[in-house]
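All remarks here apply to the structure that follows.
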Amino acid sequence: MTGMDMIQRLLEENEYSAAQINQIRVRLGDWFLSGGGPDDAYVWQQARYLENLVKFGLVKRTSIQREEVSHDDEDC
């Protein structure tokens with residue numbers, strides 16, 4: 001998993017404000033324009049920033065835990 005994969009997962013699992021998302025977008029945009037890669041330490045630093053927002057309760061979690069459906073019914 002790359003740093004960008006982690007950021008994508010965090011964005012899918014949580015409701016960040018537009019300002020928080022924009023901040024990451026600008027930081028990473030500048031990083032990539034300067035030649036940075038998707039798995040560089042700076043990208044992971046941005047992932048940790050998003051994780052900390054979750055950790056300290058500054059965003060709402062939206063990830064849905066999928067229930068496994070039992071197929072034990074023989075009537076199907």
Side-chain angles (χ1 to χ4, degrees):
M1 172 180 287
T2 67
M4 284 304 298
D5 292 336
M6 177 60 98
I7 288 172
Q8 182 64 37
R9 191 181 113 218
L10 288 164
L11 291 173
E12 290 172 357
E13 293 178 352
N14 303 287
E15 286 185 28
Y16 295 93
S17 72
Q20 292 164 333
I21 293 171
N22 192 47
Q23 194 173 44
I24 293 295
R25 184 187 62 78
V26 169
R27 290 176 185 172
L28 291 176
D30 291 346
W31 179 253
F32 293 130
L33 284 174
S34 70
D39 206 31
D40 291 344
Y42 185 73
V43 178
W44 282 101
Q45 180 180 343
Q46 300 311 307
R48 284 191 305 276
Y49 167 74
L50 293 174
E51 287 176 327
N52 284 336
L53 292 174
V54 174
K55 180 180 176 181
F56 293 110
L58 300 174
V59 297
K60 182 180 176 186
R61 292 193 60 86
T62 59
S63 61
I64 299 171
Q65 293 179 354
R66 297 180 181 176
E67 295 181 28
E68 291 193 23
V69 178
S70 175
H71 295 287
D72 291 336
D73 273 344
E74 294 179 7
D75 296 335
C76 294

According to the ring pair (Phe, Tyr, Trp, His ring centres under 6.0 Å) rule, which pairs have a member within residues 23-54, sequence neighbours left out?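 Listed by first then second residue: W31-Y42.
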Report the residues that fulfil side chain to side chain contact (heavy atoms under 4.5 Å, CB included) with [X], sequence neighbours left out, ordered by chain and then residue number.
X: L11; answer: I7, Y16, I21, L50
X: D30; answer: V26
X: E15; answer: K60, T62

What pairs with R48 under side chain to side chain donor-acceptor pair (under 3.5 Å), at least two apart in sequence or on another chain?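 Applying side chain to side chain donor-acceptor pair (under 3.5 Å) to R48 gives none.
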Partners meeting side chain to side chain donor-acceptor pair (under 3.5 Å) with Q45 (sequence neighbours left out):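 Not a single residue meets the side chain to side chain donor-acceptor pair (under 3.5 Å) criterion with Q45.
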How about M4 and Q8: do any of their side-chain heavy atoms sit closer than 4.5 Å?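 M4 does not reach Q8 side chain to side chain.
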Just do the salt bridge (Lys or Arg N to Asp or Glu O under 4.0 Å) check on E51 and K55 with the steps written out, would you? CA-CA 6 Å; E51 287 176 327; K55 180 180 176 181; over 6 Å; no
Might you point out which heavy atoms bring [X] and [Y] nearest each other, and give the distance in Å?
X: G3; Y: A47; value: O-CB, 4.4 Å
X: N14; Y: L10; value: ND2-O, 2.9 Å
X: Q46; Y: R27; value: OE1-NH1, 2.8 Å
X: Q20; Y: V59; value: OE1-CG1, 3.4 Å

Between D5 and T2 (side chain of the first, backbone of the second, donor and acceptor by atom type, cut-off under 3.5 Å), is there such a pair?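 Answer holds: yes.
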